[in-house]
Structure formats: structure tokens, C-alpha cells
S.K.: 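One structure, pasted below without further comment.
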Amino acid sequence: STTDVLYIDQDGNVGIGTIPGQGANLEVGFTSSTAYSSTTQQVSPGIVVYNQDETVDSFSQISFLNRNGGASATRIVAISKGSNTAFLAA
């Protein structure tokens with residue numbers, strides 16, 4: 001049996017694990033009863049953005065841009081500080 005996990009509708013909207021239909025350009029859906037733990041690194045369920053470089057002060061980020069060219073922007077940045085530690089910046 002085959003299960004579809006990626007959908008692209010006629011308008012170019014993308015659904016991962018769900019069929020796009022809420023008007024968003026990208027929807028990610030999942031079902032998980034995993035409880036959040038502040039003491040255990042959890043990478044699933046959710047969206048993972050990572051930088052494989054191990055250099056101190058390397059980073060990965062999610063950017064939220066408004067206006068053409070990103071004149072208005074907000075971002076969430078994880079900055080590597082080495083030895084499995086990181087800081088969040090905005």
C-alpha cells in the first residue's frame with residue numbers, strides 16, 4: 001500500500017503530511033502524542049532546519065520576510081557555541 005506524503009495543488013501550495021487547503025503556501029501536518037521534554041533533544045515531530053558545519057558561531061535560521069527584497073524581516077536564529085550548545089537570537 002502506498003501513502004502520499006507530499007501534495008502540490010494546482011496553485012502551487014504544498015502540503016507535507018496533509019493536503020493543502022487552509023490557504024497557506026506550505027502546510028506541514030503530523031500526528032504525535034509525544035510529550036515535550038526540556039531535558040531531551042527532540043527533533044520529531046516538527047520542522048528541522050540545520051547547518052552541518054561544526055564551526056563555533058555557525059548558525060541556521062528561519063526567516064520571515066515581508067515586502068519585495070526582504071525590506072521587512074524577522075528571523076529565528078540558532079547559533080552554535082560548540083559542544084552541543086546553542087543560543088537563540090531574533
Side-chain angles (χ1 to χ4, degrees):
S1 157
T2 302
T3 302
D4 293 330
V5 295
L6 175 68
Y7 301 89
I8 303 174
D9 71 14
Q10 67 275 8
D11 297 320
N13 297 324
V14 177
I16 301 172
T18 186
I19 297 173
Q22 304 300 318
N25 298 103
L26 173 64
E27 292 182 40
V28 178
F30 53 85
T31 301
S32 174
S33 60
T34 303
Y36 174 76
S37 170
S38 63
T39 60
T40 303
Q41 182 178 1
Q42 297 169 303
V43 295
S44 180
I47 298 172
V48 177
V49 177
Y50 62 93
N51 177 351
Q52 294 183 21
D53 190 281
E54 296 181 8
T55 305
V56 171
D57 290 334
S58 61
F59 67 95
S60 59
Q61 70 181 357
I62 299 173
S63 298
F64 302 90
L65 307 175
N66 289 316
R67 301 182 179 188
N68 191 15
S72 174
T74 299
R75 62 187 182 156
I76 301 170
V77 184
I79 305 167
S80 170
K81 291 300 179 184
S83 189
N84 295 326
T85 59
F87 294 112
L88 284 179

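Just the heavy atoms: all of them, side chains too, but no hydrogens, waters or symmetry mates, feed the values below. None of the values given here were measured: they were computed from a predicted structure.
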S.K.: Give a yes or no on whether Val56 and Tyr50 share a hydrophobic cluster (residues Ile, Leu, Val, Met, Phe, Trp, Tyr; joining criterion: side-chain heavy atoms under 4.5 Å apart).
M.R.: no
S.K.: Which atom pair, heavy atoms only, marks the closest approach of Ile8 to Val14?
M.R.: CG1-CG2, 4.1 Å
S.K.: Between the main-chain N or O of Ser60 and the side-chain N or O of Asn51, is there a donor-acceptor pair closer than 3.5 Å?
M.R.: no
S.K.: Nearest 0.5 angstrom please: Asp9 CG to Asn25 CG, how far?
M.R.: 9.5 Å
S.K.: Do you reckon Leu26 sits in the same ILVMFWY cluster as Val5, going by side-chain contacts under 4.5 Å, direct or chained?
M.R.: no
S.K.: Rounded at 0.5 Å granularity, tell me how far CZ in Arg75 sits from CD1 in Ile62.
M.R.: 12.5 Å
S.K.: How long is the straight-line distance from CD of Gln61 back to CD1 of Ile79, given to the nearest 0.5 Å?
M.R.: 9.5 Å
S.K.: For Phe59, does the CZ atom have more than 12 heavy-atom neighbours from other residues, nucleotides or ligands under 6.0 Å away?
M.R.: no
